[in-house]
Amino acid sequence: MVIKTVLDTDLYKFTTSYAYIKLFPYAMGTFSFKDRDDTEYTEGFLNALKNEIHNLALVSLRKEELEYMCSHCRFLPRVYWEWLFSFRFDPDKIHVYLDDERHLHMEVTDLLYKVTLYEVPLLAIISEIKNQFLNRIPDRQDIIARLSGKVSLSNTHHMPFSEFGTRRRFSFDVHETVVAYLKEYARYCTGTSNCFLAMKYNLLPMGTHPHEWFMFHGAQFGYKHANYMALENWVNVYDGDLGTALSDTYTSDAFLSNFSRKQAKLFDGVRCDSGDEFEFVEHLIARYKELGIDPTTKTIIFSNALDFEKALHIFEYCQGKIRCSFGIGTNLTNDTGYTPSNIVMKLSRCKMNVNQEWRECVKLSDDMGKHMGSSKELDACLYELRLK
């Protein structure tokens, strides 16, 4: 089994799941898989994937894991973890097949507070068994050698970062090797997004909210006000905890234009996940100053497919201007000498309850290659935001 516990996922999946329970308990959604490389898969791979999907039904939260999360995540109530203790993945809800060109298609539909939990485990499974079928065998010494240079760079320059690499890791074993090394040698590693490894290695579990939270609000309430409403609702659930706002679901320009003074004061900072990081620094600083806020009291979390060299350039650029940290994923957990998978699963449609019609979800991003949704709905979104 690739996935052995519900905790082998990112913290933000649980925080988002609870937010749906609290505010939108009847809302439903579909997550759809996309391979940005248009990989051609084999029937053997598909059978192995279906076997792992079948095994997901056996995955659960253990009692000791429940107690750990209750004591280490004060922002999520015990009642949530007790519900999760009874939660089981349902393989029958996962529709997966190869088309005539051998491209992989996968969709999962359920209540949003449940379906959001499928995304990260399914991506981790696909990445790992793809590497198995390609007969890729990682060299542990090579992995450590690559990692050593990155950790040395962070230690030397006092550059903070956290590990964000669950979804596109090479394998669980490689992931654990990396986290164990970071725990022992990385003085400025602030934590890991993976809850199971955070528990095992006594690291801080890291994460806030994903694009899907904003995509849901855009589909249900309109794109113009989606960012504002998504942040307001996040505050309604978490009352100031988990205070890093994601900026780029409908472009950072749209985000900054309605980033209110209250939100700018309340949120500790902003996450930059696409676009030109250096331009974003200047635009965010200008917005903080426009709102009468000292930008040196705020933090940007950069997480856009970073390596440590690029992170260092950004870190040095931010000095004296604004605080910063880095969420680094694939470059930590899938830097093995082989080309990593470029795969995602995103919320593709949603509805507020079972009786409502489905509404398509889209994501613009600050990178054209990360846009998601039909051209018709993307055009409608751009028009509403006055970007087209």
- Residues passing the salt bridge (charged side-chain N to carboxylate O under 4.0 Å, His left out) test with Glu360, sequence neighbours excluded, are none

- Message: Quick check against the 3.5 Å criterion: does Glu52 have a side-chain atom that pairs as donor or acceptor with the backbone of Ile125?
- Response: no

- Message: Would you say CD of Gln319 has more than 12 non-hydrogen atoms from neighbouring residues, nucleotides or ligands within 6.0 angstrom?
- Response: yes

- With sequence neighbours left out, write down each residue that passes side chain to side chain contact (heavy atoms under 4.5 Å, CB included) with Lys262, or none if nothing qualifies. Glu232, Ser260

- Aromatic rings Phe75 and Tyr238: how do their planes relate, parallel, tilted or perpendicular, breaks at 30° and 60°? perpendicular

- Task: Check salt bridge (charged side-chain N to carboxylate O under 4.0 Å, His left out) between Glu277 and all other residues, then give those that pass, not counting sequence neighbours.
- Result: Lys310

- Message: Applying ring pair (Phe, Tyr, Trp, His ring centres under 6.0 Å), can you list everything that pairs with Phe85, at least two apart in sequence or on another chain?
- Response: none

- Task: Could you note down all residue pairs passing side chain to side chain donor-acceptor pair (under 3.5 Å) where residues 62-74 supplies at least one of them, sequence neighbours left out?
- Result: Thr5-Glu65, Arg62-Glu65, Glu67-Arg78, Arg74-Asp241

- Message: Check for me whether the distance between the ring centres of Tyr228 and Phe259 falls short of 6.0 Å.
- Response: no

- Which residues share a side chain to side chain contact (heavy atoms under 4.5 Å, CB included) with Lys13, sequence neighbours left out: Thr9, Phe31, Thr116, Leu117, Glu119, Val120, Glu212

- Determine the interplanar angle of the Phe172 and Phe196 rings, folded into 0 to 90°, and report it as parallel if under 30°, tilted if 30 to 60°, perpendicular if over 60°. tilted

- Item | Any residue meeting salt bridge (charged side-chain N to carboxylate O under 4.0 Å, His left out) with Arg146, in chain and number order, not counting sequence neighbours | Asp142, Asp335

Listing, residues 198-207 side-chain donor-acceptor contacts under 3.5 Å, not counting sequence neighbours, or none:
residue: Lys200; atom: NZ; partner: Glu176; partner atom: OE2; Å: 2.5
residue: Tyr201; atom: OH; partner: Glu176; partner atom: OE2; Å: 2.7

- Give a yes-or-no answer on whether the side chains of Thr244 and Arg271 include a donor-acceptor pair shorter than 3.5 Å. no

- Could you tell me whether Arg323 and Asp268 make a salt bridge, using a distance below 4.0 angstrom between a side-chain N and a carboxylate O? no

- Among all residues two or more places apart in sequence or in another chain, which pass the side-chain hydrogen bond (donor to acceptor under 3.5 Å, both in side chains) test with Lys50? none

Validation: residues 326-333 side-chain donor-acceptor distances under 3.5 Å, sequence neighbours left out:
residue: Asn331; atom: OD1; partner: Lys150; partner atom: NZ; Å: 3.4
residue: Thr333; atom: OG1; partner: Gly165; partner atom: O; Å: 2.8
residue: Thr333; atom: OG1; partner: Gly329; partner atom: O; Å: 3.4

- By side chain to side chain contact (heavy atoms under 4.5 Å, CB included) - contacts of Tyr317 (at least two apart): Phe278, Val281, Glu282, Lys321

- List in chain and number order the residues that pass salt bridge (charged side-chain N to carboxylate O under 4.0 Å, His left out) with Glu43, two or more places apart in sequence or in another chain; answer none if no residue qualifies. Arg102

- Do Tyr113 and Trp83 have ring centres separated by under 6.0 Å? yes

